[in-house]
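Below is one structure, written out as structure tokens; the observations come after it.
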Number of protein chains: 2
Amino acid sequence: MATTRAEETPTRREQILATAADLFAARGFHGVSVADLGAACGISGPALYKHFASKDAVLAEMLVTISERLLDVGRTRVARADDADAALRGLVDWHVEFALHHRALIIVQDRDWESLPADARERVRSLQREYVDLWAAQLRLLHDGLDLTAARAMAHAAFGLINSTPRTGSLPDPSLHDLLIEMALRALLPPA
Amino acid sequence: MATTRAEETPTRREQILATAADLFAARGFHGVSVADLGAACGISGPALYKHFASKDAVLAEMLVTISERLLDVGRTRVARADDADAALRGLVDWHVEFALHHRALIIVQDRDWESLPADARERVRSLQREYVDLWAAQLRLLHDGLDLTAARAMAHAAFGLINSTPRTGSLPDPSLHDLLIEMALRALLPPA
DNA sequence: CGCGCAGGTTAACGATCGCTAACCTGGGGG
DNA sequence: CCCCCAGGTTAGCGATCGTTAACCTGCGCG
């Protein structure tokens, strides 16, 4: 037990998580064996179990971490905003930025979350629900008489719009960034 | 070989395809064994091979069929429209209707298409590309100076918005239908 | 009437996968 | 100086899966 600060960069763990994100995104959680994952990290096969309790645990840590981060930053963006309009713009901006910088994670999150062990799945679902409600609350401030269920559906639709990006290839990132923000805001804001 | 019209309802095949769509949507292609699929059809295990050459072939027929149908109806909607605005509204309407009536297929299509055998995957990709370009062409008529790449990205984003629905639960279908059409059109049409 | 075949059955094989066991090794702290 | 353990290795087990093989059966047609 070194005196280094708690949770100091254990590079191997992080390398495994990053590599796993890419592989899972490319071939699906079930399409990647632990041997594949190990090989892609320069080690091989069962050496993974020195860092994670199971293959599921890799997925779990990956998805729980990003769900927490999405919610956490989302909350600070809302807290920092002056009104609902600014809050929503902050949320859209954050989500687009995240999706463009972590395409692999976005793919894995909404393709493979059902492969999570039960407890992690429940945790992720709970975090996502809070994140959705963070958006929904702002939407209800902006649209008169919008009920919670419809607001949640709007938030989901906006996530779908923004998260669709990783699938698409060619458009360069800055243009895509602007395009997504424009489209999302038009879809979410009441017509002027 | 009966004298019934070619491809008259071979109920078993269709039952298998419909059941497979639901199971694949719920647990993922790799999460459903042929034994599971057989059992859900009232038969068991290898009896499937009397109707399909392989498990992959079930997925392939499912996804090729819906890709063809999406493109086919999309084209007639465009042909039937008087101008680009009407064409785009027709496309949005058709896609929303399809997504709401075939939620399972939508989920499988964009989660499990990578599990397709190479030839079917190429066919599906080609059909999807044509479908995207059908949308993109209308978008370019509506937005001055929009290049093809950006138009394709817009179409992808709209698909993401509309296809996000199956994931969401509670909102009753008619409200969801209207909500999605409104949001998609606001995102896609140039600001008035 | 008989017979063929569509459409089932169960048994079993080979591959693959997640994971465990048992063993090795080198470098840093007591 | 020695020893301990973090972090690797290879071998192999047990389960599961897709698929094939071999066999059965009842219905429709000649």
Side-chain angles (χ1 to χ4, degrees), chain A residues 1-20 23-24 26-63 108 112 114-121, chain B residues 1-20 23-24 26-63 108 112 114-121:
Chain A
M1 199 65 64
T3 57
T4 55
R5 268 163 296 174
E7 300 306 321
E8 184 77 32
T9 56
T11 52
R12 240 312 131 65
R13 265 184 80 91
E14 293 175 356
Q15 181 200 9
I16 292 171
L17 284 168
T19 308
L23 287 183
F24 292 170
R27 312 211 298 264
F29 178 71
H30 290 292
V32 178
S33 67
V34 295
D36 292 337
L37 179 51
C41 294
I43 62 184
S44 261
L48 290 172
Y49 292 84
K50 293 298 162 73
H51 304 276
F52 292 92
S54 64
K55 187 191 175 193
D56 291 332
V58 178
L59 183 67
E61 174 149 338
M62 197 163 80
L63 296 192
V108 175
D112 290 319
E114 286 158 353
S115 302
L116 284 170
D119 58 337
R121 179 163 62 237
Chain B
M1 199 64 63
T3 57
T4 55
R5 266 162 297 174
E7 300 307 320
E8 185 76 32
T9 56
T11 52
R12 240 314 131 63
R13 265 185 80 90
E14 292 175 357
Q15 181 199 9
I16 291 172
L17 283 168
T19 308
L23 287 183
F24 292 169
R27 312 211 298 264
F29 179 72
H30 291 291
V32 178
S33 68
V34 295
D36 292 337
L37 179 51
C41 293
I43 62 184
S44 262
L48 290 172
Y49 290 84
K50 295 296 163 72
H51 304 277
F52 292 92
S54 66
K55 187 191 176 194
D56 290 333
V58 177
L59 183 68
E61 174 148 339
M62 197 164 80
L63 296 193
V108 175
D112 289 320
E114 286 158 353
S115 301
L116 284 170
D119 57 338
R121 180 164 61 238

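Sequence lines set the chain letters: A, B, ... in the order given, protein chains first and strands last, and positions in each chain run from 1.
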Where protein sits on nucleotides 5-18 of chain D, one letter per nucleotide: B base, S sugar-phosphate only, - none, heavy atoms under 4.0 Å | --BBBBB-----SS
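- A heavy-atom distance below 4.5 Å is not found between the side chains of B/K50 and B/R12.
- When all heavy atoms are compared, the tightest approach of B/H30 to B/S115 is NE2-OG, 3.3 Å.
- We find that CZ of A/F52 is positioned 16 Å from C1' of C/dG18, with the value rounded to whole Å.
- When every heavy atom of A/L23 is checked against every heavy atom of A/V32, the shortest pair comes out as O-CG2, 3.5 Å.
- From B/L37, atom CG reaches atom CG of B/L17 across 9.0 Å, with rounding to the nearest 0.5 Å.
- Computed from coordinates, the A/L59 CG to C/dG18 C1' distance equals 15 Å when rounded to whole Å.
- Remark: of the listed residues B/V108, B/D112, B/V58, B/D112 is the sole one forming a side-chain contact (heavy atoms from CB on, under 4.5 Å) with B/F29.
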